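One structure is given here, and the rest of the page talks about it.
As the structure is a prediction and not an experimental result, all values here were calculated from the model. Just so you know, ligand 1 is whichever comes first in the structure, and atom 1 is the first atom listed for that ligand.
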Amino acid sequence: MSNTTKRIVKIFDTTLRDGEQSPGCSMNIQEKLEVAKKLEKLGVDIIEAGFPASSPGDLESVKTIAGIIRDCTVAGLCRSLEKDIDAAREALAGAAHPRIHIFLATSPVHMEYKLKLSPEQVLAQAVAAVKYAGKFCKDIEFSAEDAFRSDPDFVCKVFGAVIAAGATTVNHPDTVGYAMPDEFGARIRYIKEHTPGMEKAALSVHCHNDLGLAVANSLAAIANGADQAECTVNGIGERAGNASLEEIVMGLRVRKDYLNADTRIDATQIYTASRLVTQVTGVKVQPNKAIVGDNAFAHEAGIHQHGVMANRETYEIMTPESIGIPKNRMVLGKHSGRHAFEERLNDMGYTVDGETLESIFAEFKILADKKKVVSDRDIEALVMGVSASAPETWKLEHWAINTGSALGATGIIKLLHKDGEARKQVSVGDGPVDAIFTAINEIVGKKPELELYEIGSITDGSASQGETMVKIAWEGRHWNGRGVSTDVLESSIKAYLSAINAMEWDLAAGISKSPLREPLKEA
Ligand code: KIV
Ligand code: ZN
């Protein structure tokens, strides 16, 4: 293996835009901000924070992220329309390094049926949009949507024209995940060699995973000269998802001898970034997912275990520690002090400030009293419960449920409103969860639809904490909630209340009236 300096490929993360717009992956502002901070720590070059013109909520979250993130470029997506560029300009005003990302489709099927525009009109609209954006921003990316199914010479012509108009990055997406790796690599080489003025701009790729080839195609593109790869944590995204960030990054790192390229990513942040995205979206990764799946470093077969014990390299091409899975942890329990606890948080990649640390530590002590051993998963749940949750409009005071096989269930709950008023409600239901959720709805005065209710355990064994995920919908909008407790009913109540609090927070912020995503027209 050679150790010479490698070409650095930029990582453009679109977890908060392409990832977040996929079903079941919506996040509230607090959650998006937590993810953005983590991406900054991970060392991504560009965070695509959202699509400001798609909804007031998206504009608000791009604005919030742009105002806080300092070490990454923050991008906002726009159609090739002045009103979208105006929205992105407003949202990115506070960014240290803003990027306006404009897209327009170039494939025959998109131009004819979706845009109803001729190729000449598409070319003119793309150039006009880039010129308009250039009045406000120096960093402009232009994406030729469905580029892979477009005429390559037309893509070169559009790219040449937008570069001349001021685009600093041109992106060649495989929007529908149709390409094969060799073919995609050859396409990228062709674009690189035939686009007029290509030396003045970076060439990016953005691959979808419909045939399971998004990462392979991205790596083939990098091997053929792509300067930037667009991807998402855990590969979340439209349909079968986007190229997974962790797989591209580790593919480059583990095989830099072959690919001769690397990224600036701090790979030791990968595992916690993946866990954070799982926690906030409630979308779990498959156990055998490369790099971050539960089994990615598990050796079950006796022959493999024997080999790994003799020498890890027999069956491991990278170590769990290289992606931030720590080894040989000291056990944390009720005698562990604040210092050990804080150190563990830091090892796990979390930096929490004074007040938040106080409340997580207090929760840790309560948990340690109930459980002999507090695992990393337990700690992660505590951090998530405090840091990525919406402020509490409603706080849980106490609850009780009476249930059995013969009679229905009755739930009683007392909630404290942030204005100080305490409210109590008794309700009956089909089961304990139905009874208590109904009581909460009565207090809150809304009956959101429960779209998902899922209970799992954080660790193995009957002493494990129960973890509940819920998704609720109200007037076309969606919120997630999660709750953790040694009592599964309490974890359900906490999860439901955290979703209700996220909803109340958004409604109070006045961004509720527009549905999160209207069907958007481009022409
Ligand atoms: O898949 C795609 O083509 C996109 C563009 C907007 C970049 O997401
Ligand atoms: Zn996409």
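In the vicinity of E145, heavy-atom distances shorter than 4.0 Å reach the ligand 1 atoms 3 (O). Listed by number with element, the atoms of ligand 1 under 4.0 angstrom from any heavy atom of S143 are 7 (C). Residue contact check: P173 has heavy atoms under 4.0 Å from atoms 3 (O) of ligand 1. Close contacts between ligand 1 and H208 involve ligand atoms 1 (O) [criterion: under 4.0 Å to a heavy atom].
Between the side chains of N242 and T232, no donor-acceptor pair is found at a separation under 3.5 Å. Side-chain atoms of T169 and K10 form no donor-acceptor pair, as typed in the model, at a separation below 3.5 Å. For the 3.5 Å distance criterion, the side chains of E238 and H208 fail to qualify, holding no donor opposite an acceptor. Remark: the E504 side chain and the T393 side chain contain no N/O donor-acceptor pair separated by less than 3.5 Å.
Classification of the Y178-F148 ring pair by plane angle, with boundaries at 30° and 60°, yields tilted.
Under a 4.0 Å N-O distance rule, the pair D71/K37 does not qualify as a salt bridge. In summary, E454 and K284 engage in a salt bridge, as defined by a charged side-chain N under 4.0 Å from a carboxylate O.
Tested against R189 for a side-chain contact (heavy atoms from CB on, under 4.5 Å), the candidates K192, R187, E193 yield a single pass: E193.
Remark: ligand 1 and N171 share no N or O pair separated by less than 3.5 Å (distance only, no angle test). Between D18 and ligand 1, at least one N/O pair is under 3.5 Å apart. Of the N or O atoms in D146, none lie within a sub-3.5 Å distance of an N or O in ligand 1.
Distances under 2.8 Å from the Zn ion (ligand 2) pick out the protein N/O/S atoms D18 OD2, H206 NE2, H208 NE2.
The closest approach between a heavy atom of R17 and any atom of ligand 1 is below 4.0 Å.
Between the side chain of K116 and the main chain of Y113, a donor-acceptor pair closer than 3.5 Å is present. Under a 3.5 Å cut-off, the side chain of S150 and the backbone N or O of P152 do not form any donor-acceptor pair.
Sorted by first then second residue, the ring pair (Phe, Tyr, Trp, His ring centres under 6.0 Å) pairs that include residues 245-297, not counting sequence neighbours, number zero.
Counting heavy atoms closer than 4.0 Å to ligand 1, residue E230 contributes nothing at all.
Nearest protein heavy-atom neighbour of atom 4 (C) of ligand 1: H206 NE2, 3.4 Å. Scanning all protein heavy atoms for the shortest distance to atom 3 (O) of ligand 1 gives T175 OG1, 2.6 Å.
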